[in-house]
Undergrad: 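Got a structure for you, written out below as structure tokens; questions coming shortly.
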Amino acid sequence: MPLPKRLGSIVSLPLARRDQGWGDESPDFWAIHAISHPPHRGANTRPHGKETTQMAFLLRRLAFYLAAFLAAATINFFLPRLMPGDPIEMMFASAGSELSLENLNALKLTFGFVDAPLGQQYLTYLQSVFTGDLGRSIKYFPLPVTDLLGRALIWTVGLVGIATLVSFALGTFMGVMAAWRRGTKFDSIVSLSAIFSSSVPAVVVSLLVLFVFGYQLGWFPNGYAADPMLDPSFSWPYISGVIYHGTLPMLTLVIVLTGGFAVTMRNNMINLLGEDYIVMGRAKGLSDSRVMLWYAARNALLPTVSSFAIALGTVLGGSLVTEVVFNYPGLGNTLYQAILARDYPVIQGQLLIMTGAMLVANFGVDLSYVLLDPRLKKA
Amino acid sequence: MSLSKQLLNNKKALFGLAILVLVILIAVFAPLLTEYSPVKRVGRPHQAPSWEYWMGTTRLGHDVFSRLVYGARVSLAVGFGAGLLITVIGTILGIIAGYKGGVVDEVINFFTNMVLVVPNLPLLLVLAAFIGQASPLVIAVILGFTSWAWGVRVTRSETMSIRQRDFVKSAEMLGEPGWRIMAFEIFPNLISIVGINFIGSVIFAVITEATLEFLGLGDPNTVSWGIMLYNAQNSSALSVGAWWDLLAPCVALAVLGLGLALINFAIDEIANPRLRTGGMLGRWTRMVRLGEGKV
């Protein structure tokens, strides 16, 4: 959410979620009914066929993702054409006169700049996108955009993946504890630090972390992802270098992300703690930890999973900036270099690759829903 | 009790409002606070903070403090401008989708979901890169038109539950036109959600503007916190030891973000009493705990 989220919000995760019970308008409901019918006038329009429910759900989601990816490609296609001036001139101007005519023509073909009506240009562009041809980087000509970004993506996925898992676990745990002890000092401290961490821009956090641990204390290196003197290999010196260089960017992302997860989980939990089955659990004399973890936390987790997918946009955004600050060779830094050089094929390519990554992650969440949500299970 | 009165009784809200008011006052009275122009060379490059230059100078010899106080204007203007745009679009679309239902809702909902899954920052990067050196106004406008989806989702789901209530039904029976019901029956009941959406969008806009400018997509001649970060990063302020150049905008952004987030959290607590940490409910919880014999 832009929230965040705004970045997102940046607002990382939504602070306000009144709709997170098991009612008809809970986010899981949103996920299930993204393109089917919403429950107007209180009608329950959930899919009925038990055998086909799961498949139908996943197929509908796939169709939606295809449409979303198409939308991103369409933006890429029309944007240079909508700008004042000659789009071809604009897209490839940063190359100067270095590009040979032959190479330039190949690039033009990839981006649909052919002597044909707009519709046909659009189809030409879509054809190159869906065959995996995103053009070539102008700054690093003739390196294909997919190669350049693919190489960078590995570092980003590693960084973002681990940081997200760590902060999800940490934030969820803190949220559960804060909700269970709501009104105590512990709750206030968790809530306040969560608010703080989710409202401070990732740029600021990374710069502060770099300043304190990189420059003032000098505990960690100020850039790069590995020891530049070593060749990549599966040896301990190299891998320890990767961990050593990755610590500060990782720390930054964990600081930025944990707060959002903690607030969401805390608010979900608190809303659930008033439910009858919680009271029932306590009345039965179950231990505190059993009620807290197996009765409340387990159910509060489900809406969190769906906000997880939305939060991913923010996570990717945060990692872009963090990588720039730490000079980390991931997507963010590659992109930063491309922006400075106005390397448009790369800038356009990253939108498609990031959108693709978001869609894959969303689909993963859909799959986990099929496993987690009993309403989608076969009878 | 009205929302504004409750806000004034909430400690988090008061603290947040105090920060916000302070930043607004600094922005408004910037010329009175500093004798230096934010765009003129007033000293030698990279001078440490001193009596003469409270927060030191940049590599170009600009006074950091005067850039900071003038920069507050841009951050606030972009934040509140884009925040307003995001909230207006989100609220209108959300109420229409939630109230009208049917095809209208399906169309709005489809586009909302689509905007939600296309990652926001990468999209903004592409837009800003093609626009060239985006001025704060341009940044505010593109933020407004790309970031409304979250607001639609929240407003829509809340509208859908409100439209089931009796007072909406009776207004319909009385033959009130649809726009009137949406504007005068439903909207007033959404105030806390709209408020949260607005403040959240302001935070988002402030952060994103700074981020886009830091990444080199802003107009380098602007005096704003994002451009300060960009210049500091480009002149390697940290590695030459000019920490003040970088830390000043960092702290400013963090403080403004914190103030806004506190207000947002307070509205959320007021709208949803179960979330409150202290006050009445905390006392009540403690009493219950006391009764249960586990303090």
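Each chain gets a letter, A, B and so on, in the order its sequence line appears, and its residues count up from 1. If you're wondering where the values come from, they're calculated on a predicted model, not measured in any experiment.
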Undergrad: Working note: A/L335 + B/L215, criterion side chain to side chain contact (heavy atoms under 4.5 Å, CB included); need CA distance, chi angles, decisive distance, verdict.
TA: CA-CA 9 Å; A/L335 186 56; B/L215 290 176; over 6 Å; no
Undergrad: Does any heavy atom of chain A fall under 4.5 Å from the side chain of B/L262, the backbone, both, or neither of them?
TA: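 For B/L262, heavy atoms of backbone and side chain both lie under 4.5 Å from chain A.
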Undergrad: Is there a side-chain contact between A/F211 and B/L246 in this structure, where contact means two heavy atoms from C-beta onward sitting under 4.5 Å apart?
TA: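 A/F211 does not reach B/L246 side chain to side chain.
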Undergrad: Identify which part of A/A67 has an atom lying under 4.5 Å from any heavy atom of chain B, answering side chain, backbone, both or neither.
TA: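 For A/A67, backbone and side chain are both near chain B.
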Undergrad: Kindly indicate whether the side chain of A/L207, heavy atoms from C-beta on, has any atom under 4.5 Å from the side chain of B/Q233.
TA: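 Yes. Closest side-chain heavy atoms under 4.5 Å.
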Undergrad: Measuring from A/M354:CE to B/L121:CG, what's the distance to the nearest 0.5 Å?
TA: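 Going from the CE atom of A/M354 to the CG atom of B/L121 covers 7.5 Å.
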Undergrad: Return the CE to CG distance between A/M358 and B/N120, rounded to the nearest 0.5 Å.
TA: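 One finds 9.0 Å between CE of A/M358 and CG of B/N120.
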Undergrad: Do the rings of A/Y336 and B/F214 sit parallel, tilted or perpendicular, given the 30° and 60° boundaries?
TA: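 The rings of A/Y336 and B/F214 lie parallel, inter-plane angle below 30°.
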Undergrad: With a sphere of 6.0 Å drawn around CZ of B/F145, does it hold more than 12 non-hydrogen atoms of other residues, nucleotides or ligands?
TA: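 Not buried by this count: 12 neighbours or fewer within 6.0 Å.
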Undergrad: Is there a donor-acceptor pair closer than 3.5 Å between any side-chain N or O of A/Q348 and the backbone N or O of B/V126?
TA: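 No; judged by distance alone, with no hydrogens or angles, the pair does not exist.
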Undergrad: If you look at every heavy atom in B/M114 and A/F64, which pair is closest and at what distance?
TA: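 For B/M114 versus A/F64, the nearest heavy atoms are N-CZ, 3.6 Å.
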Undergrad: Return the OG to NZ distance between A/S188 and B/K12, rounded to the nearest 0.5 Å.
TA: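 Rounded to the nearest 0.5 Å, the OG-NZ separation comes out at 6.5 Å.
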Undergrad: Please find the pair of heavy atoms, one from B/F265 and one from A/S191, that lie closest to each other, and give the distance.
TA: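 Closest approach of B/F265 to A/S191, heavy atoms only: CZ-CB, 4.2 Å.
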Undergrad: Counting heavy-atom pairs under 4.5 Å to chain B, which of A/V203, A/V321, A/I75, A/V200 comes out on top?
TA: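 Top count of heavy-atom pairs under 4.5 Å with chain B: A/V203.
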Undergrad: Between A/L192 and chain B, with a heavy-atom cut-off of 4.5 Å, which part of the residue counts as in contact: side chain, backbone, both or neither?
TA: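 Contact with chain B is through the side chain of A/L192 alone.
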Undergrad: Checking heavy atoms, do the side chain of B/L229, its backbone, both or neither come under 4.5 Å from chain A?
TA: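 The side chain, not the backbone.
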Undergrad: Using 0.5 Å steps for rounding, measure from the CG atom of B/L253 to the OG atom of A/S199.
TA: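 Spacing of CG (B/L253) from OG (A/S199) equals 10.5 Å.
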Undergrad: With side chains defined as the heavy atoms from C-beta onward, is the minimum distance between A/T355 and B/P119 less than 4.5 Å?
TA: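 Result yes, sub-4.5 Å side-chain heavy-atom pair found.
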Undergrad: For chain B, find which of A/L351, A/I353, A/L359 contributes the most heavy-atom pairs closer than 4.5 angstrom.
TA: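 When all of A/L351, A/I353, A/L359 are compared, A/L351 has the most.
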Undergrad: What's the separation between atom CD1 in A/I195 and atom CG in B/N264, rounded to the nearest 0.5 Å?
TA: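 Answer for the CD1-CG pair, A/I195 versus B/N264, is 9.0 Å.
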Undergrad: Please look at A/I347 and chain B and tell me whether the side chain, the backbone, both or neither of the residue comes under 4.5 angstrom of a heavy atom of that chain.
TA: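 Contact with chain B involves both backbone and side-chain atoms of A/I347.
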Undergrad: Is the count of non-hydrogen atoms from other residues, nucleotides or ligands lying under 6.0 Å from B/F15 atom CZ greater than 12?
TA: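 No, the 6.0 Å shell around CZ holds no more than 12 heavy atoms from other groups.
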Undergrad: Side chains of A/F69 and B/V118: does their closest heavy-atom pair fall under 4.5 Å?
TA: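 A side-chain contact under 4.5 Å is absent here.
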Undergrad: If you count heavy-atom pairs under 4.5 Å with chain B, which of A/A68, A/P201, A/A71 comes out on top?
TA: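 Option with the greatest count: A/P201.
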Undergrad: For A/Y344 and B/A129, indicate whether the former's side chain and the latter's backbone hold a donor-acceptor pair under 3.5 Å.
TA: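 At least one qualifying donor-acceptor pair exists.
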Undergrad: With side chain to side chain contact (heavy atoms under 4.5 Å, CB included) as the test, would you mind laying out the steps for B/L247 and A/L208 before giving the verdict?
TA: CA-CA 8 Å; B/L247 247 47; A/L208 290 178; 3.8 Å; yes
Undergrad: Going from CG on A/L79 to CZ on B/F130, what distance comes out if it is rounded to the nearest 0.5 angstrom?
TA: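 The CG atom of A/L79 sits 5.5 Å away from the CZ atom of B/F130.
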